[in-house]
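Here is how names work: the chains are called A, B, and so on, in the same order as the sequence lines, proteins then strands, and each is numbered from 1.
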Protein chains: 2
Amino acid sequence: MQIPTPHALAKCDDCPIRHRAVCARCEPNELQSLEEIKYYRSFEAGQTIIWSGDKMGFVGSVVSGIATLTQTMEDGRTQMVGLLLPSDFVGRPGREGAPYDVVATTDIVMCCFRKKPFEQMMAATPHIAQRLLQMTLDELDAAREWMLVLGRKTAREKIASLLSIIARRDASVSPNGAQSPMVFDLPLTREAMADYLGLTLETVSRQMSALKKDGVIRLEGKRHVTVPDMCRLMEEAGDDSDGGFLV
Amino acid sequence: MQIPTPHALAKCDDCPIRHRAVCARCEPNELQSLEEIKYYRSFEAGQTIIWSGDKMGFVGSVVSGIATLTQTMEDGRTQMVGLLLPSDFVGRPGREGAPYDVVATTDIVMCCFRKKPFEQMMAATPHIAQRLLQMTLDELDAAREWMLVLGRKTAREKIASLLSIIARRDASVSPNGAQSPMVFDLPLTREAMADYLGLTLETVSRQMSALKKDGVIRLEGKRHVTVPDMCRLMEEAGDDSDGGFLV
DNA sequence: TGAGCCACTTGATCTGCGTCAAGGTTGATG
DNA sequence: CATCAACCTTGACGCAGATCAAGTGGCTCA
């Protein structure tokens, strides 16, 4: 597994893997401080990174791989409440415990900072707190957008919404951008998709088949998706918004 | 309408109406700067405070009354994504437009700061950005808790969850705290409850009747609710969490 | 080569909630 | 006091999606 250079991670928006908590505008001595408290952790697919309620001694960014945030009721019903893709930030400066399980769904590498020193640094470096505020506002927007999906959309619209989010998120990373046709690999099992969408895995499977039959998507194997026409997909999602920041 | 004194609003956690964006720890000159950019606005029940997409030139706190954040699809389906009760913060420092409609559901008074000067002040006063970050994390937790409600709970559980949230929120304000039996007035119509819960108003009405028949709640009129046993209500809500910060 | 497992698909049936429709209650207004 | 409009309740019925169940394809491992 190749680890990106510290330098690349210290950059922000203009870097393919944006370590968005910190920023190219940092002074050299700030970057130096970050270097000193930085380390890498990797997890295998299926491993739980943090259990709900546990203390979380670090904050960090996803370097590669996928993780999910999930909540579980006593009787086992689960709802995914967040999807962490590369460059996404994890952690809650100023908070003790984690409010939900964080689970690696693929092998994953994270770039972490020990929490205490990071918090001290945040207190001393105003623009880091402001940057985190902006990122948290983004997450809040995504969560609220998702509330509309969960509360008001049909199963077919839910699937189309999820595909559209993953496709767009993928496009923002890939070198050729948002070209039709879009091609990507689903990072989630049918069950994980169901947990994200408040559906059962059978319904997910049926709706995927229906979208395929209707030519909205093509499927090679179970995970490799081709979207011949993104506009069509977004219509199916009931999405008029021209691509708000979703996940 | 009696307006609270500026002094009360400038306090934070220990104040009954916590103007949580600022804080008792502010220096006198910071408070003075806040005074200079502060003003009050009131709206009538039903009035839209901000339309989705419009520029929002202020940030502020709810002083009295209730407002909702709602998202709407082209075909008219709507989902409430936030409920603003007294002391809640509205606004997105560093952002231009509003991502959803903000609607007054009762007559409402807000204490506002013009956005530009507030942002400047935030840049100059690190602890304000940190305080806003904490508040935004709270909102994010609430939104994610709500995703579980929307995605996985039954209609009956949804209603019980909403009642439990409002009751607890009410208790944290009222002088006698969370005593059983709890008594409060629903600040929402059946339709607004439905929009919050991803249900129809008929289903809300039916489930309210069912909870009443089963003795979980008592109703005088349509809005005045008595909860003889909060534990019972929280069981109905499927809530094991001992009262996380929800709305 | 075959056994076993996992992720997924597909079918049959059931049910919770939406939809449509008909009242009931309350409070404001002339 | 009558009228009207919100707001709410209740019933009958239908359907989207859950549930239960059987089967498929591809992978690993012996």
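Atom CZ of A:Arg152 and atom C1' of C:dC17 are 12 Å apart (whole Å). Between the NZ atom of B:Lys153 and the P atom of D:dA18 there is a distance of 18 Å, given to the nearest Å. Separating the CD1 atom of B:Ile159 from the P atom of C:dC17 is a distance of 10 Å, rounded to the nearest angstrom. Residue B:Leu186 contributes atom CG, which lies 13 Å from atom C1' of D:dC7 at whole-angstrom precision. Atoms CE (B:Met193) and P (C:dG18) sit 13 Å apart, rounded to a whole Å. Atom CZ in B:Arg156 sits roughly 19 Å away from atom C1' in C:dG18 (whole-Å rounding). A:Leu197 places its CG atom 10 Å from the P atom of D:dA18, with the value rounded to the nearest Å. Atom pair B:Asp75:CG and C:dT19:P shows a separation of 11 Å (rounding to whole Å applied).
Considering only heavy atoms from C-beta on, A:Ile49 stays 4.5 Å or farther from A:Met56 through its side chain.
The number of heavy-atom neighbours closer than 6.0 Å to CD of A:Glu202, taken from other residues, nucleotides and ligands shown, is above 12.
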Table please: side-chain donor-acceptor pairs of residues 217-225 of chain A below 3.5 Å, with sequence neighbours left out.
| unit_1 | atom_1 | unit_2 | atom_2 | d |
| --- | --- | --- | --- | --- |
| A:Arg223 | NH1 | A:Leu186 | O | 3.3 |
| A:His224 | ND1 | A:Asp185 | OD1 | 2.9 |

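Inspection of the A:Ser161 and A:Ser164 side chains reveals no N or O donor paired with an N or O acceptor under 3.5 Å.
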| note | Each nucleotide of nucleotides 8-13 of chain D classed B (base within 4.0 Å of a protein heavy atom), S (only sugar-phosphate) or -, in 5' to 3' order, makes SBBBB-
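Shown here for B:Pro86 and B:Gly65, the closest heavy-atom pair between the two residues is CD-O, 3.4 Å.
Separation of atoms CG (A:Leu83) and OH (A:Tyr196) is listed at 5.0 Å; rounding is to 0.5 Å.
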